[in-house]
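Below you'll find the structure, written out as structure tokens, and then a few comments.
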Amino acid sequence: MPGLRRLGRVGVLLGTSIALVSPAFVELTAIAQESSQFLAALPRTPDEVVECDVLIVGGGLSGTAAAYQSLKAGHTVCLTELTDWVGGQISSQGTTALDESRRQRQLLFYSEGYRELRDRVMEKYGELNPGRCWVSASCFMPYDAHALLFDMLEDAADQGDGELKWFPSTVPKDLEFSADGRQITSVVSIQHSPASGAPPLNTEPLSATIADAYRYEDSARFDKTIIQFVPPADAPEGPTDWYVIEATETGELIAMSGVPYRLGLDPKTYLNPSSPVTDNDPYCTQGFTYTFAMEKTESPQPQLIPSYYLQYEPYFSWEQTRDYNAQDYYDYVFTYRRLYAADPERDERIAGVPRPRPGDISMQNWTWGNDYRPGNPEDNLIYTAEQLAERGQLDPGGWMGGLRQESLRRGEENALSFYYWFLIGATDSQLDDSLKEPTPNSRLLQGYDSPMGTAHGLSKFPYIREGRRIVGRPSFGYEDGFEINEVDFTWIDFSDPFYQNNLDPETYEALRIEVAGQGATSAVLNETPAEDIPQRRRARIYPDSIGIAQYAIDFHPCMLENPPEKPGNIERPGVRQAHGQAYPTQIPLRALIPQGVDNLLVTGKGLAMSTIAAAAYRVHSYEWSVGVGAAATADFALRNGILPYDLVDNLPTLDPLMYELRREIEASGNPTQFPGTSIFNEDWEDWRPW
């Protein structure tokens with residue numbers, strides 16, 4: 001088998017293209033160039049060599065959607081996932097409360113597969129919201145989400161005569177590239193299963209097992225199967241034999257392949273004017289959350305205080321200032337993401353929904369609760385390029401998932417401490433302590449048949465809101481690489497004095513011209529004062545759109561100091577400036593195409609976008625739409641003997657094949673734009689997401 005090369009080719013690749021990306025990537029290039037150039041050898045011959053037309057790494061919602069669409073197109077699909085469930089957000093991460101914008105939900109203006117998922121939830125429960133939660137129109141059980149989605153994949157394979165090769169408990173380990181470094185030719189992965197005499201999977205939390213999962217060697221805990229994924233031996237001749245779709249939660253293949261990417265807060269510019277920093281801060285990403293499920297009980301239950309509880313207690317809060325007593329606060333938060341209502345027909349209400357009764361089950365995902373929000377070099381969850389290099393994870397054979405194991409562990413401890421505080425705690429970090437009283441009538445749901453499917457009761461993987469984000473290829477108007485930015489879709493009024501007061505005159509003028517829409521040319525020619533330039537009232541329109549997205553720009557900012565639970569700690573100031581309404585927008589194909597690697601498409605949270613854009617482009621229906629777009633693009637490119645960048649290289653002139661791809665996506669029941677999308681339509685008041 002050819003040796004596995006990673007950073008050797010990356011250094012060469014970035015060395016030839018660094019002028020096309022921003023100075024933030026000089027450091028990444030240096031790291032790549034200094035890394036090992038030798039070829040890595042596997043510890044043994046792969047146990048399996050598996051062929052597929054489309055390899056999807058990551059079984060979250062975007063990966064599941066990509067598999068669904070590829071199977072319908074008749075492809076052989078390999079789908080790998082670190083956990084043993086498909087669905088990501090709504091299964092292994094436990095957030096089965098669908099984040100949806102109001103008007104989009106009213107019109108059911110979604111991708112075909114996402115509508116099918118909602119229909120199957122309705123068929124399963126007889127209603128869309130069996131939990132009677134108040135944060136969403138649909139709250140249901142995580143284990144059911146996996147089952148429903150897997151049934152959808154099997155049905156899609158039958159409908160399209162495709163073949164699904166499903167690899168649960170499987171992680172990427174090494175990449176092999178073509179001689180010119182432009183294509184991924186194989187992906188080596190490790191699948192783990194319980195060793196003889198070891199407990200079942202999902203007995204221990206992720207922090208205890210993740211390092212083992214990424215090692216080639218068998219252990220007392222896991223037996224390992226080394227799998228090499230390759231394109232079909234009989235693939236028709238063309239520019240590539242297959243496509244690899246990056247759908248991991250944190251952008252693992254982005255880091256492994258060495259393509260340019262961003263992480264954390266972006267510098268304040270006229271494109272992202274609400275950013276609180278002048279230089280990139282790669283450590284401050286949005287908080288992650290280990291969710292858990294709890295059941296309301298008739299009588300008080302014994303609640304064991306975690307040994308580490310006092311460390312995390314200073315962080316927790318009911319957060320919402322309301323005229324509530326202690327029981328009201330408990331009921332308010334319990335019903336927020338209630339997954340199951342045992343007796344939904346009752347009159348007593350809180351936040352517009354029935355109050356909790358014994359037998360009700362709630363999932364917790366609370367900002368000043370089980371959100372864990374590190375944001376400093378000592379505690380950041382997702383390692384930067386520099387940190388990865390320091391730890392050897394960018395060496396051949398060195399990849400270990402790219403996450404800080406210690407922060408995962410602290411996130412788990414924080415979540416279990418929040419459960420105890422929820423019931424027994426007597427403090428509140430944001431409100432008057434007198435509002436917090438014991439409410440012990442609940443139990444943590446644990447066990448392999450529990451809603452989270454784990455012995456410990458926490459989700460199998462934390463809910464991830466932000467990961468590594470690629471920098472797209474240079475294109476018209478994007479000399480440093482394509483990116484979706486704040487100004488492209490936010491509802492913020494940039495005539496607010498904040499922007500004139502916090503931007504230098506040149507940047508402020510550039511901002512106002514950028515958001516002027518049709519009035520930009522007139523403003524420049526007439527030298528209109530910046531403060532008098534009118535602002536368009538719509539999102540940017542992309543001729544290469546392959547999907548749709550709408551949700552508010554919603555932040556769960558990192559904390560200012562380390563550790564996050566430090567008494568008196570505060571959120572990183574200024575991050576929420578961008579928080580708020582967003583217009584219905586599109587997913588441009590350019591945001592899925594990385595620099596330097598031609599047969600890799602990026603989905604999920606890894607698109608070319610700023611951290612502000614990522615705060616909106618992260619919810620359930622968006623992930624489905626972008627997964628469909630990636631799969632449709634891969635299928636179209638294979639059939640037409642082209643590479644994805646061929647479709648967008650001539651923009652703003654629209655390639656006829658790009659038009660044809662959009663037509664095919666639309667014809668399959670997957671919209672690429674919202675109703676009324678036009679440069680002339682600025683009437684979007686009915687589309688405010690909240």
Side chain to side chain donor-acceptor pair (under 3.5 Å) between Ser459 and Gln93: does it pass, once the steps are laid out?
CA-CA 5 Å; Ser459 55; Gln93 297 171 40; over 6 Å; no

Under the criterion side chain to side chain donor-acceptor pair (under 3.5 Å), I'd like the reasoning laid out for Glu81 against Thr83: C-alpha separation, chi angles, the key distance, then a yes or no.
CA-CA 5 Å; Glu81 164 59 19; Thr83 73; 2.8 Å; yes

For Leu408 and Ser207, the nearest pair of non-hydrogen atoms, with its separation, is CB-CB, 3.9 Å

### Message
Looking only at side-chain N and O atoms, does Thr291 offer a donor or acceptor that is under 3.5 Å from a partner on Arg337?
### Response
no

Result for side-chain contact (heavy atoms from CB on, under 4.5 Å) between Met141 and one of Leu148, Thr96, Leu339 points to Leu339

Test ring pair (Phe, Tyr, Trp, His ring centres under 6.0 Å), reference Phe422, set Tyr420, Tyr419, Phe418, output is Phe418

Exercise. Once the angle between the rings of Tyr372 and Phe288 is folded into 0 to 90°, is it parallel (under 30°), tilted (30 to 60°) or perpendicular (over 60°)?
Worked result: perpendicular

So ring-ring contact (aromatic ring centres under 6.0 Å, His included) across residues 440-464, not counting sequence neighbours, yields none

Taking every heavy atom of Leu416 against every heavy atom of Pro306, the minimum-distance pair comes out as O-CG, 4.1 Å

Exercise for the section: Output yes when Arg338 and Asp360 qualify as a salt bridge under the 4.0 Å nitrogen-oxygen rule, no when they do not. Expected result: yes

- Could you go through the side chain to side chain donor-acceptor pair (under 3.5 Å) check for Asn272 and Asn485 one step at a time? CA-CA 6 Å; Asn272 294 288; Asn485 294 293; 2.8 Å; yes

Between Ile361 and Ala293, the two heavy atoms sitting closest are CG2-CB, 4.1 Å

Quick one: sort the Tyr617 and Phe489 rings into parallel, tilted or perpendicular, breaks at 30° and 60°. perpendicular

Cut-off 3.5 Å, side chains only: do Ser625 and Tyr110 have a donor facing an acceptor? no

Q.
Check this for me: does any side-chain nitrogen of one of Asp554 and Arg618 sit under 4.0 Å from a carboxylate oxygen of the other?
A. yes

Checklist entry - Would you call Arg572 and Asp281 a salt bridge, using N to O less than 4.0 angstrom? => result yes

Nearest heavy-atom approach of Val86 to His146 is N-ND1, 3.0 Å

Self-check item: Pair Asp84 + Lys460, salt bridge at N-O below 4.0 Å
Solution: yes

Between Ser407 (side chain) and Asp379 (backbone), is there a donor-acceptor pair under 3.5 Å? yes

Kindly indicate, with the supporting measurements, whether the criterion side chain to side chain contact (heavy atoms under 4.5 Å, CB included) is fulfilled by Leu271 and Asp488. CA-CA 8 Å; Leu271 298 174; Asp488 295 328; 5.8 Å; no

Exercise. With the threshold set at 4.0 Å, does a side-chain nitrogen-carboxylate oxygen contact exist between Glu483 and Arg469?
Worked result: no

Only residue of Tyr622, Tyr551, Tyr114 satisfying side-chain hydrogen bond (donor to acceptor under 3.5 Å, both in side chains) with Glu100 is Tyr114

### Message
Tell me whether Lys296 is salt-bridged to Asp331, with the criterion being a basic N under 4.0 Å from an acidic carboxylate O.
### Response
no

query = Is atom CG of Leu304 surrounded by more than 12 heavy atoms (other residues, nucleotides or ligands) closer than 6.0 Å?
reply = no

* Is Ser317 reaching over with its side chain to a backbone N or O of Trp368, donor-acceptor style, under 3.5 angstrom? -> no

Treating Gln550 as the side-chain partner and Ala616 as the backbone partner, does any N or O pair qualify as donor plus acceptor under 3.5 Å? no

- Message: Test your reading of the model: is there a side-chain donor-acceptor pair from Thr439 to the backbone of Tyr330, 3.5 Å cut-off?
- Response: no

Hey, can you tell me if Tyr336 and Trp134 have their rings parallel, tilted or perpendicular (30° and 60° cut-offs)? tilted

inquiry  = Is any side-chain heavy atom of Tyr315 closer than 4.5 Å to one of Asp371?
reply    = yes

For Tyr261 and Ala255 the tightest heavy-atom approach is CE2-CA, 4.1 Å

Can you tell me if Glu466 uses its side chain to pair, donor with acceptor, with the backbone of Gln286 under 3.5 Å? yes

Contacts satisfying salt bridge (charged side-chain N to carboxylate O under 4.0 Å, His left out) that involve residues 422-445 (not counting sequence neighbours) are Glu295-Arg443

NZ/NE/NH1/NH2 to OD/OE distance under 4.0 Å, Arg576 and Glu571
yes

If the plane angle is over 60° it's perpendicular, under 30° parallel, otherwise tilted; pick one for Trp318 and Tyr329. parallel

Practice task
State whether Glu412 and Arg409 are salt-bridged, where the test is any N-O pair (Lys NZ or Arg NE/NH1/NH2 against Asp/Glu carboxylate O) under 4.0 Å.
Solution key: no

### Lys/Arg N to Asp/Glu carboxylate O, Lys268 vs Asp279, below 4.0 Å
no

### Query
Within the distance-only criterion (no hydrogens, no angle test), does the side chain of Asn501 pair as donor or acceptor with the backbone N or O of Pro497 below 3.5 angstrom?
yes

* Evaluation steps, side chain to side chain contact (heavy atoms under 4.5 Å, CB included), between Gln364 and Val333 -> CA-CA 8 Å; Gln364 291 307 313; Val333 178; 3.3 Å; yes

Note: Asn280 and Pro267 closest approach over all heavy atoms is N-CG, 3.5 Å

Original post:
Any Lys/Arg nitrogen of Glu249 or Arg468 sitting under 4.0 Å from an Asp/Glu carboxylate oxygen of the other?
Top reply: no

Inset, instruction - Fit a plane to each ring of Tyr308 and Tyr312, take the angle between them on a 0 to 90° scale, and name the class: parallel (under 30°), tilted (30 to 60°) or perpendicular (over 60°). - result: perpendicular

Check the pair Trp491, Tyr583 against ring-ring contact (aromatic ring centres under 6.0 Å, His included), reporting the backbone distance first and the verdict last.
-> CA-CA 6 Å; Trp491 214 297; Tyr583 290 106; 4.1 Å; yes

